Enquirer: 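The structure that follows is given in the form of structure tokens.
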Amino acid sequence: MAGNKSTDFSHLPLATNKAMECALTGSELLSCTYLNKGSAFTEEERDEFDLVGLLPSNVQTLDEQVKRAYAQFSTRPDNLAKNTFMTSLKEQNEVLYYRLIQDHLKEMFPIIYTPTEGEAISKYSSLFRRPEGCFLNVNEPEKVEQSMSQWGGPDDIDLIVVSDGEQILGIGDQGVGGILISIAKLAIYTLCAGIHPHRTLPVVLDTGTNNEDFLNDEIYLGLHQERVRGEKYDKLVDTFVKTARKQYPNAYIHFEDFGLPNARRILDEYTPKIACFNDDVQGTGCVTLAAIYAALKVAKLEMKDIRIVMYGAGTAGTGIADQVADAIAVESDKSREEALKQIWCVDKPGLLLQSMKDDLTPAQHPYAREDEEWKGKKHDNLLEIVKEVKPHILIGTSTKPKAFTEEVVKEMAKHTERPIIFPLSNPTKLHEADPKDLFKWTEGKALMATGSPFDPVEYNGTKYVVAECNNSTTFPGIGLGAVLSRTKLMSPPLLVAATKALAEQAPALKDPNDGLLPDVTNVREISVKIAAAVIKKAKEEKLTQQEGIPDNDEDLEKWIRAQMWDAEYRPLKKVEHTRASRAAKGEAGSKGKRSKKTN
Ligand SMILES: NC(=O)C1=CN([C@@H]2O[C@H](COP(=O)(O)OP(=O)(O)OC[C@H]3O[C@@H](n4cnc5c(N)ncnc54)[C@H](O)[C@@H]3O)[C@@H](O)[C@H]2O)C=CC1
Ligand SMILES: CC(=O)C(=O)O
């Protein structure tokens with residue numbers, strides 16, 4: 001794990017190895033998740049902070065606590081129960097929560113993220129115990145300022161993840177339960193890129209829901225009304241963005257799981273104005289493009305020659321297509337228009353055609369093909385499209401399980417030696433194909449990456465690693481770069497730099513049977529590389545607002561590591577009630593957020 005002890009960057013504003021100020025004592029301290037150490041409070045701390053008699057006598061280490069917590073986790077009967085256990089641990093002791101996950105990353109990632117988090121989100125209202133995050137109501141835009149002011153002063157928040165809950169993972173409209181995707185993505189920022197957990201803010205925009213089950217369920221916690229569209233919706237988004245800029249001017253804004261009608265529109269509106277990012281469009285685009293780069297190397301193909309079918313041309317599908325089109329144009333001497341011709345986008349009605357123009361989203365328009373090209377050919381069926389296009393690459397972001405049938409895959413394999421196939425729809429049950437089947441149908445030739453994790457596949461005695469192509473390998477590093485450089489914008493060259501940094505880490509470049517993307521267990525170091533690439537590019541583009549960023553690569557990486565939060569207990573420094581009680585009340589810093597939540 002990246003450590004920050006061997007560096008001399010402790011003067012940095014975000015250096016995380018400092019003592020923590022604490023004015024709480026006794027049971028208040030025990031119930032403050034970001035300060036609580038439970039049985040690990042030392043004898044001295046127990047005396048100093050009035051904890052005597054409130055804890056069993058054996059002072060334990062964090063490692064011992066992790067052992068116990070892992071044993072408790074393991075007794076939970078199913079994944080959802082494990083997810084609930086983790087949520088509750090996070091409410092009690094954040095350091096322990098993050099350390100436990102870090103020590104069991106591969107096992108726990110699918111519990112706190114996709115696929116299990118999807119189930120937790122769909123049951124948000126019934127599982128609800130304690131609120132976390134900021135809830136903004138579309139009917140009360142005048143209260144946005146007050147609602148968002150509860151999380152500290154202007155320097156206290158580095159990163160906001162916001163969702164309107166309309167298109168969560170592949171499970172659709174989850175209304176106010178969308179707060180949990182903002183929370184989960186922030187936990188991943190902390191785990192994978194060491195973003196300080198107390199300096200982040202999860203937000204949900206409650207703009208109603210079109211999920212009938214929720215509308216008919218009195219237990220549902222969000223607004224019982226259909227989704228608001230148009231001016232009123234835009235006003236809430238704009239009020240949120242403006243308030244965030246005013247109250248937390250350093251905060252980088254990550255848009256997550258907005259619905260198709262809004263995701264791209266909002267991104268296009270704010271990208272030229274503020275440092276923001278849409279994970280489904282850009283994060284997915286970057287990670288998928290990085291996996292494509294690795295696959296092309298293994299398949300000995302070149303970007304300029306590829307033909308690619310995107311199955312499911314929604315937010316993620318068009319986001320990926322755009323990144324691929326840019327890459328083709330950059331890697332060849334083709335114009336972007338020519339590059340677009342190498343991408344065939346398919347959605348519910350079939351291949352996108354010019355004659356469908358009125359029904360296409362602005363993001364889909366550039367991919368609509370001339371009807372003339374397809375005259376007399378079948379374009380409403382994936383098999384026929386594959387027969388005609390003979391793609392090298394097939395990517396699924398359709399939420400249609402099993403759409404990549406044996407026939408489709410075998411047809412593809414007839415025309416290309418190493419079919420590159422990425423079923424990316426989440427959660428696992430929505431994947432367009434199972435890796436085992438893809439291997440069987442292509443006799444071990446397929447080069448694969450999947451949206452959720454899969455175990456390695458054995459075929460004819462050889463073990464193949466199936467890379468997880470999830471934006472979680474990418475967005476944390478990009479965010480770390482954005483936060484540390486205080487970039488004014490997240491411009492396209494920064495994303496290209498991030499993609500290349502990730503692509504260079506692909507294990508398949510060394511061993512073709514290994515993953516097309518690096519494993520999540522190495523993700524903190526990958527994030528350092530991605531962040532370094534983003535920061536360097538931001539400097540080149542004159543976008544940075546942070547002073548003192550080192551020029552030299554080695555120092556830059558040290559500088560980054562020194563500012564990454566590690567899950568370890570820090571000494572507590574007793575402070576007078578005035579300053580810290582303001583913090584505890586949410587008046588003097590993001591620490592207040594945690595206290596507010598737990599007190
Ligand atoms: N692996 C990763 O990192 C990511 C995976 N995803 C996954 O991709 C999927 C799509 O997500 P979004 O693009 O955000 O949703 P979206 O709703 O914006 O897009 C889905 C698209 O698929 C189309 N579609 C639905 N049924 C289809 C069918 N039978 N044939 C062809 N197209 C069909 C829809 O009309 C829509 O255009 C989800 O399952 C999501 O979990 C999304 C982002 C990142
Ligand atoms: C990974 C992700 O963002 C999704 O499945 O939507």
Side-chain angles (χ1 to χ4, degrees), residues 109-110 113-118 121 161 163-174 178 181-182 184-185 188 210 254-265 267 277-291 309-323 344-352 356 359-361 363-364 367 379-383 385 394-405 408 422-432 448-454 466-476 502 516-517 520:
F109 216 71
Y113 187 45
T114 177
T116 316
E117 189 62 13
I121 293 170
V161 176
S163 179
D164 73 353
E166 184 168 5
Q167 177 50 60
I168 300 287
L169 303 167
I171 55 174
D173 190 341
Q174 300 301 321
I181 198 68
S182 300
K185 293 274 172 173
I188 286 163
N210 292 346
H254 166 141
F255 295 104
E256 182 66 39
D257 285 348
F258 282 70
L260 191 53
N262 295 316
R264 182 63 76 100
R265 206 169 56 79
L267 182 66
F277 173 81
N278 181 303
D279 190 32
D280 303 286
V281 178
Q282 297 168 309
T284 314
C286 288
V287 73
T288 310
L289 182 58
V309 169
M310 288 299 320
Y311 185 72
T315 309
T318 54
I320 296 168
D322 285 357
Q323 299 261 9
W344 283 258
C345 284
V346 182
D347 209 86
K348 273 186 199 155
L351 188 71
L352 304 186
M356 302 171 179
D359 301 320
L360 300 184
T361 65
Q364 290 172 335
Y367 299 96
H379 46 74
D380 60 354
N381 160 315
L382 182 61
L383 177 61
I385 295 168
L394 174 62
I395 293 181
T397 48
S398 66
T399 69
K400 174 129 194 275
K402 309 273 173 222
F404 298 167
T405 60
V408 166
F422 297 172
L424 298 186
S425 288
N426 290 324
T428 319
K429 64 176 183 209
L430 298 185
H431 273 32
E432 285 81 359
M448 292 179 278
T450 50
S452 291
F454 276 86
V466 181
E468 183 180 351
C469 180
N470 195 296
N471 45 35
S472 57
T473 339
T474 325
F475 72 77
L502 177 61
L516 296 176
L517 288 162
V520 71

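Remember, it's 1-based here, ligands and their atoms both numbered in the order they're listed. Note that the structure is predicted; figures quoted are calculated from it, not measured.
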Enquirer: For F475, which part has a heavy atom under 4.0 Å from ligand 2: side chain, backbone, both, or neither?
Expert: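 It is neither; nothing of F475 touches ligand 2.
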Enquirer: For S452 and T428, which heavy atoms make the closest approach, and how far apart are they?
Expert: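 Heavy atoms only, the tightest pair is CB-OG1, 3.6 Å.
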Enquirer: If you look at every heavy atom in L267 and N278, which pair is closest and at what distance?
Expert: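 For L267 and N278, the tightest heavy-atom pair comes out as CD1-N, 3.6 Å.
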Enquirer: One residue to check: D257. Relative to ligand 2, which of side chain, backbone, both or neither has a non-hydrogen atom less than 4.0 Å away?
Expert: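 Side chain only.
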Enquirer: Is N470 close to Y113 at the side-chain level, that is, under 4.5 Å between some pair of heavy atoms?
Expert: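 They are in contact (side-chain heavy atoms under 4.5 Å apart), so the answer is yes.
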Enquirer: Can you pull out the closest protein heavy atom to atom 5 (O) of ligand 2? Residue, atom name and distance to 0.1 Å, please.
Expert: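 In this structure, atom 5 (O) of ligand 2 has N426 ND2, 2.8 Å as its nearest protein heavy atom.
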Enquirer: Who are the salt bridge (Lys or Arg N to Asp or Glu O under 4.0 Å) partners of D322, not counting sequence neighbours?
Expert: R264, R336
Enquirer: Give the atoms of ligand 2, by number and element, whose distance to some non-hydrogen atom of N470 is under 4.0 Å.
Expert: 1 (C)
Enquirer: Minimum heavy-atom separation for T116 to P110, with atom names?
Expert: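 Here T116 and P110 meet closest at OG1-O, 2.7 Å.
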Enquirer: Can you list every protein residue that has a heavy atom under 4.0 Å from any atom of ligand 1, sorted by chain and residue number?
Expert: Q167, L169, G170, L260, D280, T284, Y311, G312, A313, G314, T315, A316, D347, K348, T397, S398, T399, K400, L424, S425, N426, G451, C469, N470, N471
Enquirer: Got an N/O contact under 3.5 Å between K185 and ligand 2?
Expert: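 There is such a contact, yes.
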Enquirer: Among all residues two or more places apart in sequence or in another chain, which pass the salt bridge (Lys or Arg N to Asp or Glu O under 4.0 Å) test with E166?
Expert: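 E166 satisfies salt bridge (Lys or Arg N to Asp or Glu O under 4.0 Å) with R229 once adjacent residues are dropped.
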Enquirer: Tell me: protein heavy atom nearest atom 2 (C) of ligand 2, and distance?
Expert: N471 ND2, 3.7 Å
Enquirer: Look at the rings of H254 and F475 and say which category their plane angle falls in: under 30° parallel, 30 to 60° tilted, over 60° perpendicular.
Expert: perpendicular
Enquirer: Taking only heavy atoms of Y113 into account, list the atoms of ligand 2 that are under 4.0 Å away from them.
Expert: 1 (C)
Enquirer: Can you see which heavy atom on T399 is nearest to which on S425, and at what distance?
Expert: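 T399 and S425 have their closest heavy atoms at N-OG, 2.8 Å.
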Enquirer: Among all protein heavy atoms, pick the one closest to atom 4 (C) of ligand 2 and tell me residue, atom and distance.
Expert: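 Protein heavy atom with the smallest distance to atom 4 (C) of ligand 2: L169 CD2, 3.6 Å.
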Enquirer: Determine, using heavy atoms of Q167 and all atoms of ligand 2, whether some pair is separated by less than 4.0 Å.
Expert: no
Enquirer: Sequence neighbours excluded, which residues qualify as salt bridge (Lys or Arg N to Asp or Glu O under 4.0 Å) partners of E256?
Expert: K185
Enquirer: Could you tell me whether the side chains of E468 and T473 share a donor-acceptor contact shorter than 3.5 Å?
Expert: no
Enquirer: Over all heavy atoms of both residues, which pair between P427 and T114 is shortest? Give the atoms and the distance, please.
Expert: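 In this case the closest contact between P427 and T114 is CA-OG1, 3.9 Å.
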Enquirer: Against heavy atoms of E256, which atoms of ligand 2 measure under 4.0 Å?
Expert: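 Reading through ligand 2 atom by atom, the close ones are 3 (O).
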Enquirer: Identify, by atom number and element, the atoms of ligand 2 in contact range of D280, meaning under 4.0 Å from any of its heavy atoms.
Expert: 3 (O), 6 (O)
